[in-house]
Amino acid sequence: MSPCTRWLLVTGVRTATGCFVVPMATGMSLTLCFLTLRHKRPKAKYILWPRIDQKSCFKSMITAGFEPVVIENVLEGDELRTDLNAVKSRILELGAENILCVHSTTSCFAPRVPDRLEGLAEICAKYDIPHIVNNAYGVQSSKCMHLIQQGARRGRIDAFVQSLDKNFMVPVGGAVVAGFDDSFLEEISKMYPGRASASPSLDVLITLLSLGASGYKNLLTERKASIYHACKELFAYLANELKTLAAKHNERLLDTPQNPISLAMSLKNMNDKGTSAITQLGSMLFTRQVSGARVVPLGTSQTVSGHVFKGFMSHSNDYPCAYLNAASAIGIKKQDIDLFIKRLDKCLRQCRKEKPVEVVASGAPPTTDEEITELTKDLTASLHVEAEDLD
Ligand SMILES: *Cc1c(COP(=O)(O)O)cnc(C)c1O
């Protein structure tokens with residue numbers, strides 16, 4: 001059994017037949033999948049895409065020369081979910097043969113949740129439309145992998161793509177393309193305009209697999225010891241801590257049980273003070289190195305490859321409130337979460353006290369090397385003090 005196939009078995013997608021490593025990031029690997037499908041569906045112009053506000057996946061369709069048909073998500077409670085009815089009606093309207101594929105997503109920031117893969121896969125089977133799944137950082141979640149397995153069992157999934165660096169903590173741009181049909185996978189790998197195969201990335205994968213072999217065995221035989229289980233427990237811990245923190249600041253943890261990777265906490269009160277307070281919190285989190293947090297304000301429009309996204313970052317034209325995202329990445333420890341909560345608490349308190357400052361800069365921006373060195377020193381010093389009085 002090849003390392004790749006063994007890896008698939010272990011991650012829970014038991015019916016997948018194979019996979020291969022591409023020495024390109026996830027977005028470009030998705031492009032490669034679309035270009036492969038193009039030969040099979042010469043009439044197709046469109047790709048149906050349940051909205052996810054991440055630029056690479058949008059650009060992957062544009063780069064391949066297709067027109068993305070954005071399917072807006074529906075709000076169910078706090079969660080943003082796939083609008084299956086909209087997908088169906090767009091297929092009827094555009095004609096199945098004019099659609100290259102459905103391009104769905106598993107791993108995403110809350111309050112969006114993984115797409116309804118079973119439903120989408122069933123629709124794809126019914127209308128004979130290919131289905132490509134963006135599973136960028138979904139390997140670390142057994143739930144995402146299970147969704148893919150179920151989708152393929154109940155309907156149609158042609159390929160699913162995951163990032164090497166996001167899932168295995170390796171500093172290389174690479175992706176794993178996996179699927180349920182060997183001949184289609186072979187066609188994709190042949191599309192790659194490079195020498196025979198991606199041997200450097202394959203080396204990385206094989207190394208990882210041999211390093212992690214005992215961990216993977218644990219997963220199979222003794223679930224408690226697996227890193228995946230630890231991940232789940234820490235995620236629950238983070239959710240609990242964030243819930244307490246939210247209550248303390250008169251906010252709430254958004255109820256997004258279907259998202260196994262990411263959490264969101266409302267920033268309603270801060271938003272009432274104006275968008276600049278939210279932006280200020282964002283930059284405060286950044287300079288204080290509260291990594292793993294990102295702030296999503298309301299009403300930001302952004303144009304990506306000529307398409308205007310209203311409410312960009314929030315996966316929705318008008319999500320009801322501004323919020324803050326938090327995620328527990330693979331390899332995170334309990335102490336990291338504690339420090340994260342402590343720092344976040346401090347930033348939130350400070351933001352509540354301060355009046356939002358509209359214009360921070362006075363005078364010209366630094367230009368000389370000396371000025372920049374001075375500024376960097378200041379910043380480093382303040383970060384240092386920050387870390388000291390927290391630890
Ligand atoms: C990371 C990511 C991608 C791909 O980004 P690349 O830079 O192409 O690796 C696509 N979609 C989602 C949801 C992602 O998180």
Side-chain angles (χ1 to χ4, degrees), residues 19-35 47-64 66 68 70-73 79-82 101-117 120 131-141 143-145 147-148 151 157 159-178 188 192 194 198 200-201 204-205 231 256 258-264 291-294 296 302 304-305 307 309 311-316 325-330:
C19 61
F20 65 96
V21 178
V22 198
M24 301 188 296
T26 314
M28 275 307 284
S29 302
L30 287 164
T31 299
L32 194 66
C33 295
F34 302 143
L35 289 175
I47 296 180
L48 297 195
W49 180 66
R51 176 170 169 182
I52 165 151
D53 291 357
Q54 203 278 348
K55 287 183 194 169
S56 315
C57 37
F58 187 73
K59 289 184 191 164
S60 71
M61 301 180 279
I62 303 282
T63 305
F66 293 95
V70 181
I71 310 288
E72 289 294 332
N73 297 301
E79 292 183 333
L80 288 167
R81 307 204 63 190
T82 323
C101 65
V102 169
H103 173 198
S104 63
T105 309
T106 54
S107 54
C108 59
F109 282 116
R112 192 195 191 278
V113 301
D115 274 320
R116 293 185 147 109
L117 281 207
L120 287 174
H131 184 190
I132 305 290
V133 181
N134 173 7
N135 188 41
Y137 50 102
V139 179
Q140 56 193 284
S141 156
K143 174 163 180 161
C144 290
M145 300 314 272
L147 282 173
I148 294 172
I157 291 178
F160 56 105
V161 181
Q162 35 268 307
S163 154
L164 264 189
D165 53 302
K166 283 182 188 168
N167 295 294
F168 301 98
M169 300 189 287
V170 291
V172 288
V176 179
V177 178
I188 303 173
Y192 175 73
S201 306
V204 173
L205 187 66
C231 253
T256 54
Q258 315 267 2
N259 193 320
I261 300 174
S262 162
L263 295 161
S291 58
R294 72 165 203 162
V296 180
Q302 186 154 346
V304 185
S305 306
H307 189 283
F309 287 92
F312 191 72
M313 281 172 81
S314 72
H315 317 289
S316 162
N325 277 130
S328 72
I330 203 163

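In each ligand, atom 1 is the first atom listed, and ligand 1 is the first ligand listed.
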Side-chain touch Gln302/Lys55, heavy atoms, less than 4.5 angstrom: yes
Hey, which residues fall under 4.0 Å of ligand 1 on heavy atoms? Ala25, Thr26, Gly27, Ile52, Gln54, Ser56, Cys57, Ser107, Asn134, Ala136, Tyr137, Lys166
Listed partners of Thr106 passing side chain to side chain donor-acceptor pair (under 3.5 Å), at least two apart: Asn135
Please report, to 0.1 Å, the donor-acceptor pairs under 3.5 Å made by any side chain of residues 24-33, with sequence neighbours excluded.
{"unit_1": "Ser29", "atom_1": "OG", "unit_2": "Met24", "atom_2": "O", "d": "3.4"}
{"unit_1": "Ser29", "atom_1": "OG", "unit_2": "Ala25", "atom_2": "O", "d": "3.0"}
{"unit_1": "Thr31", "atom_1": "OG1", "unit_2": "Gly27", "atom_2": "O", "d": "3.2"}
{"unit_1": "Thr31", "atom_1": "OG1", "unit_2": "Ser60", "atom_2": "O", "d": "3.0"}

Pro111 vs Asn259 side-chain heavy atoms within contact, under 4.5 Å: no
Does the side chain of Phe34 reach to within under 4.5 Å of the side chain of His103, using non-hydrogen atoms? yes
Those residues that, when tested against His131, pass side chain to side chain donor-acceptor pair (under 3.5 Å) (two or more places apart): Ser104
